[in-house]
Protein chains: 2
Amino acid sequence: MTSTRDALVDAAADLLAAGGPAAVTLREVGRRAGVSHNAPYKHFADKEELLAAVAGRELTRRSGVSREGEDPAAALSRRAKAYVRWAMAYPARFKLVFGAWTTASAELGEAASASRASFVETVRAAQAAGAAPPGDPERVTALVLALAHGAADLALGGHLSRDGKGHADPEDLVDDLMALLAQGAG
Amino acid sequence: MTSTRDALVDAAADLLAAGGPAAVTLREVGRRAGVSHNAPYKHFADKEELLAAVAGRELTRRSGVSREGEDPAAALSRRAKAYVRWAMAYPARFKLVFGAWTTASAELGEAASASRASFVETVRAAQAAGAAPPGDPERVTALVLALAHGAADLALGGHLSRDGKGHADPEDLVDDLMALLAQGAG
DNA sequence: ACCTGAACACCGTTCAAGT
DNA sequence: ACCTGAACACCGTTCAAGT
């Protein structure tokens, strides 16, 4: 017994995954949810607010699960690679979540904060274990996320290793950074 | 005496800078170039091909200028920061250039290759000077570009240092990576 | 070779009206 | 409170026709 609202968000997420952002039209969203083409306006102020709901739900679902007793260095590498793998597997959701939002969705903001805070804790543990250099853990987190984000985004655009030489996939670049971080810690 | 084609590309670039991708409509492009709303179809197969021309021209203009006698470590840092600064100053052009192209524009491909090759040479010089770790220079280039790209893209989306703590702007992250590279070289 | 004007099939959004 | 159907002002693209 899903609400109409949930049905609309489901439909939008499906369309996004299947055909990219251009495929998400309010008319098709309504059709799939079994309502008229402007019923969405009774639940969301406009199209962007519907997309913000899709992004917020995605971020909430993807919230990091920490594992008991995992080696801190391995945990950091695993999380950075999970980020990259998620981006490569669901490019449209990835680009949606990290786009520039004019609508400040509460759910979206909170989910992003929670996800980031969890990542910072992983970095802090890695620092304590000597697998990352000292210094503000928020800043080291930003460094790792920026590398993972950029590697994934470049790869999605086909701008990584176009010509065979120096072929590096995004996860290889995460490995390279992890090696530098470990070296920088020692 | 600019050709109609050039006038169309100019108009599209202006609209992109002023109002983002949504503002680039073929109708307004035509109006600004002083032609009808479908004259663009006599010069470009479709809207994407016009945008590819805008992106290709931008990439050509921005092609790296190497400086004689510059310290290799400083040169690498300067170029990475120039990349970040360009992205922050012209976000729409940045996102356009690094988007996923279905149209394989010759100009766009060649400009991208040339730009990348020039960056690889800068990395090679930095390695020779002991300012970057050894190994495939293409791969070290990919690492630096991925970090710069990700830092800029996250910053543009407001996803860097949202809460004041650990505040790092994209150029700070470039500095952090440069420090790690220098340490990794020694 | 290059351009125009009308037309087609869309789109997001608004509005009056229904239950 | 939630939904519908018609309407408005767009959009990219196509096509027949003009020079």
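Naming convention: chains lettered A, B, ... in sequence-line order (proteins, then strands); numbering from 1 in each chain. Note: hydrogens, waters and symmetry copies are ignored here, and every other heavy atom, side chains too, is used. On a predicted model such as this, the values are computed, not experimentally measured, just so you know.
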**Q** Within this structure, what is the CD-OG1 distance for the pair A:Gln127 and A:Thr141, rounded to the nearest 0.5 Å?
**A** 7.5 Å

**Q** Using 30° and 60° as the class boundaries, would you call the ring planes of B:Tyr83 and B:Phe98 parallel, tilted or perpendicular?
**A** tilted

**Q** Tell me whether A:Arg5 is salt-bridged to A:Asp10, with the criterion being a basic N under 4.0 Å from an acidic carboxylate O.
**A** no

**Q** With the threshold set at 4.0 Å, does a side-chain nitrogen-carboxylate oxygen contact exist between A:Asp136 and A:Arg124?
**A** no

**Q** What does nucleotides 6-19 of chain D look like as a protein-contact string, B for base, S for sugar-phosphate only, - for none, at under 4.0 angstrom between heavy atoms?
**A** BB---BBBBB----

**Q** Among B:Val144, B:Thr122, B:Val84, B:Leu145, which residue meets the side chain to side chain contact (heavy atoms under 4.5 Å, CB included) test with B:Arg79?
**A** B:Thr122

**Q** So, is the end of the B:Arg116 side chain (NZ or CZ) under 6.0 Å from the ring centre of B:Phe119 and within 45° of the ring's axis?
**A** no

**Q** Which range-with-range stems can be found for DNA chain D when each stem has 3 or more Watson-Crick or G-U pairs in a row and both distances sit under 3.5 Å?
**A** C:4-8 with D:12-16, C:12-16 with D:4-8

**Q** Working to the nearest 0.5 Å, report the span between CG of A:Leu147 and CG of B:Leu173.
**A** 10.5 Å

**Q** Would you tell me if any nitrogen or oxygen in the side chain of B:Thr4 comes within less than 4.0 Å of OP1 or OP2 on C:dC3?
**A** yes

**Q** Tell me, please, which residues at least two apart from A:Glu28 pass salt bridge (Lys or Arg N to Asp or Glu O under 4.0 Å).
**A** A:Arg31, A:Arg32

